[in-house]
Each structure stands twice: as structure tokens, then as C-alpha cells.
Q: 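I'd like to ask some things about the structure below.
What you see is a predicted model, and the numbers here were worked out from it, not measured in a lab.
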Amino acid sequence: MTGVPASAAGGSSGARRAAASASTAVPGKVAGAAAARSADGAAPGTGPGASSGVRHGGSAGAAAAGEAAGEDAAGMDAQDDGKAPRGAKIAAAAVNQASVWNIANLLTMLRLVLVPAFVALMLADGGYDPAWRSLAWAAFAIAMITDLFDGHLARTYNLVTDFGKIADPIADKAIMGAALICLSALGDLPWWVTGIILGRELGITLLRFLVIRYGVIPASRGGKLKTLTQGVAVGMYVLALTGWLATLRWWVMAAAVVLTVVTGLDYVKQAIVLRRQGIAERKAALEEKEA
């Protein structure tokens, strides 16, 4: 019976087995080369059939091993070029979260803590003891001074955070509102004064949120002067002053009320202008897009 000699057939089978073993044992192109060498050594000079088997076996082993190595390399490239590992994301989030604990935000937190402390000192012993009122004034003064520094520090040293944007105005209005309400409750300040100041502050805050889609209303010099005058006036009322100082604080509070109303009307005017400009710009952009 004619056909492929037994030695050639055995060589072909040996070549395939050697190629398979080499492809699983040695990665990449090295595996293919090892398989080819094993096949050549298994059946030297046994004829065309053996040679063909060797070539096919060695090529198959090299191709399989090369493909596996390519997949490994592709996986490594994908890991390098893709998204950051989960651990890196957690570390980055921890850094961002830690940035909240900066000096500017700590001063804002201090003001928030001083609000209940101020109320307790202000109302201690019936609210008319000069010693307790002096301590309440100290807490109020610290809160107002930190208000001057936290915003400046945040802008100068790039410490602006989302927490600071929200907590800072809340702390400002909380300490001022607590002082005004305590003074009116004790009968030292008319309720209409407290109503005008708090109504203006809450109204302007709401107005800022309503027009923020069109832009930001910048703080004016009049607004800063109003804040300073209010702080001085309320501080003088917190202290148990008598004589000409008691008269002086009345005039300072009157100036604070006037500035409160004037700057409030100015903010309303700016908000109206800003809204009209924003609507006009959006309309023009829409018309340009349609054209």
C-alpha cells in the first residue's frame, strides 16, 4: 500500500504535539520558534510529508502563541491608555475632599459655631447683664472679623470650594440675623429695623439665585459699606452703652438702615438689567442659529 511512510506520519504527529506543547509553554514568537525546532528534530530527512507537517505544526504553534502574546500586550496597553484604576480614583477623591478643610472654610465653620454661642451669651441672665453682653459682643466681633478674612484668603490662595460658596453667605446671615432678633426680643431694637435688614438680605439672596442663569451680580462698594455699617451698629447695640454712646449707636443704625434700602434697590436694578441682557443675548443667538 502506497502513501505516506510511517516515519513521515509519525513525524507529522510529533510535530503537531511538539508545536502544541511549545505554544503553551513559551509565550510569543519564542514559542513558535521552539515548536519549529522540535518538529525539525523529530523527523530529519523523512520526506515531503514530514516537512509539510513540521511547517504547518510550527506555523500553527507560532501563530497561536503570537496571538496570545498580542492579546496580553493589548490588555496592557488598554490598561495604560484607559481609565485610571479604582484605587487612583479613590485617592483623588480623598484629596479633593481634604481640600475642604482649608483655612478659609475653617473660619466659616467657626462663624457657624459662634452663632449658638452668641445667642446663649446674649440671653444669659435675662439678657441685660453687662458682663454677659460684653462676652456676646466678643463672639459677634470675632464672627464679623473672620467674615472679612475668609473670602479674601479663599480668593488669594485659590481655596474656593463648593462648601465655602454655600456656607459663607449662610454664616454671614445667621450671625447677623441672630443678633438682630435677640436685640428686638430684648426690646433694644425696634422690630421694623430687624424686618427691613433681614428682609433685604433674604430678598437679595433669592434674587441672585433667580438671575444666576443670566450672570452674576457683583458685590458693590455700597454693599460692602452697608455690611460694615451694619456690623458696627449691631455691635454697639449688643454692648450695654449709655449716655452719648447710646445716642451715637442710634445714628449709626439709622445709616445702616438707609444703606440697606439703597443698596437693595440697586441690586434689584442690576438684576433687571442683567436679565434683559441675558434674554436679548439668547434671542440673538437663537436667531443666528436659525439663520
Side-chain angles (χ1 to χ4, degrees), residues 84 86-124 127 131-183 185 194 197-198 200-209 212 215-239 252 256 259-260 263 267:
R86 185 177 181 182
K89 292 182 179 180
I90 296 175
V95 171
N96 293 334
Q97 184 67 22
S99 65
V100 174
W101 300 94
N102 58 59
I103 183 63
N105 287 343
L106 290 176
L107 291 176
T108 300
M109 296 177 192
L110 175 62
R111 289 211 311 282
L112 290 172
V113 172
L114 285 174
V115 173
F118 167 81
V119 173
L121 293 171
M122 188 71 181
L123 301 179
W132 288 112
R133 294 283 286 258
S134 297
L135 293 176
W137 176 86
F140 180 80
I142 293 173
M144 297 305 294
I145 291 173
T146 56
D147 181 33
L148 299 176
F149 286 102
D150 60 353
H152 174 72
L153 290 172
R155 291 186 296 270
T156 302
Y157 297 100
N158 194 24
L159 301 176
V160 178
T161 62
D162 292 337
F163 171 81
K165 293 177 183 178
I166 297 173
D168 183 68
I170 293 176
D172 297 343
K173 291 168 179 55
I175 189 66
M176 182 61 68
L180 290 170
I181 292 174
C182 286
L183 289 172
T194 298
I197 294 178
L198 292 184
R200 184 267 188 197
E201 298 299 330
L202 296 177
I204 295 303
T205 301
L206 179 61
L207 188 62
R208 286 178 180 272
F209 281 109
I212 196 170
V216 178
I217 303 176
S220 62
R221 293 184 178 180
K224 295 178 181 179
L225 180 60
K226 177 269 307 178
T227 302
L228 177 61
T229 308
Q230 282 182 358
V232 173
V234 172
M236 294 180 72
Y237 267 87
V238 170
L239 289 172
V252 175
L259 288 172
T260 298
T263 56
Y267 274 115

Q: Below 3.5 Å, can you tabulate the donor-acceptor pairs from side chains in residues 143-152 to any protein atom, sequence neighbours excluded?
A:
from, atom 1, to, atom 2, distance (Å)
T146, OG1, I142, O, 3.1
T146, OG1, A143, O, 2.8
D150, OD2, T108, OG1, 3.0
D150, OD2, R111, NH1, 2.6
D150, OD2, R111, NH2, 3.4

Q: Tell me which donor-acceptor pairs under 3.5 Å the side chains of residues 201-209 have, and how far apart each pair is, sequence neighbours excluded?
A:
from, atom 1, to, atom 2, distance (Å)
E201, OE2, K226, NZ, 2.8
T205, OG1, E201, O, 2.8
R208, NH1, I217, O, 2.7
R208, NH2, Y267, OH, 3.3

Q: Please table the atom pairs, donor to acceptor, closer than 3.5 Å between any side-chain atom in residues 173-182 and protein atoms at least two apart or in another chain.
A:
none

Q: Sequence neighbours excluded, which residues qualify as salt bridge (Lys or Arg N to Asp or Glu O under 4.0 Å) partners of R200?
A: none
Q: Please identify each residue that fulfils side-chain contact (heavy atoms from CB on, under 4.5 Å) with W132, with sequence neighbours left out.
A: L121, A124, D125, D129, L135
Q: W137 and G235: which non-hydrogen atoms are nearest, and at how many Å?
A: CD1-O, 3.1 Å
Q: Scan the side chains in residues 157-166 for donor-acceptor partners under 3.5 Å anywhere in the protein, sequence neighbours excluded, and list what turns up.
A:
from, atom 1, to, atom 2, distance (Å)
T161, OG1, N105, ND2, 2.9
T161, OG1, G164, N, 3.1

Q: Residues in side-chain contact (heavy atoms from CB on, under 4.5 Å) with L228, at least two apart?
A: V232
Q: For a side chain to side chain contact (heavy atoms under 4.5 Å, CB included) check, start with the C-alpha distance between W101 and M109, then their side-chain angles and the critical distance, and finish with the verdict.
A: CA-CA 10 Å; W101 300 94; M109 296 177 192; 3.8 Å; yes
Q: For a quick test of reading the model, state the closest non-hydrogen atom pair linking V252 to M236 and the distance between them.
A: CG2-SD, 4.2 Å
Q: For T263 versus T260, what's the shortest heavy-atom pair and its separation?
A: OG1-O, 3.3 Å
Q: So, using side-chain hydrogen bond (donor to acceptor under 3.5 Å, both in side chains) as the criterion, who are the partners of T194 when residues are at least two apart?
A: S184
Q: Kindly write out the residues that satisfy side-chain contact (heavy atoms from CB on, under 4.5 Å) with V113, not counting sequence neighbours, or none if the list is empty.
A: none
Q: May I have the step-by-step check of side chain to side chain contact (heavy atoms under 4.5 Å, CB included) for L183 and M122, ending in yes or no?
A: CA-CA 9 Å; L183 289 172; M122 188 71 181; 3.3 Å; yes
Q: With salt bridge (charged side-chain N to carboxylate O under 4.0 Å, His left out) as the rule and sequence neighbours excluded, what pairs involving residues 134-143 come up?
A: none
Q: Would you compute the distance between atom CG of L106 and atom CG of N102 and round it to the nearest 0.5 angstrom?
A: 6.5 Å
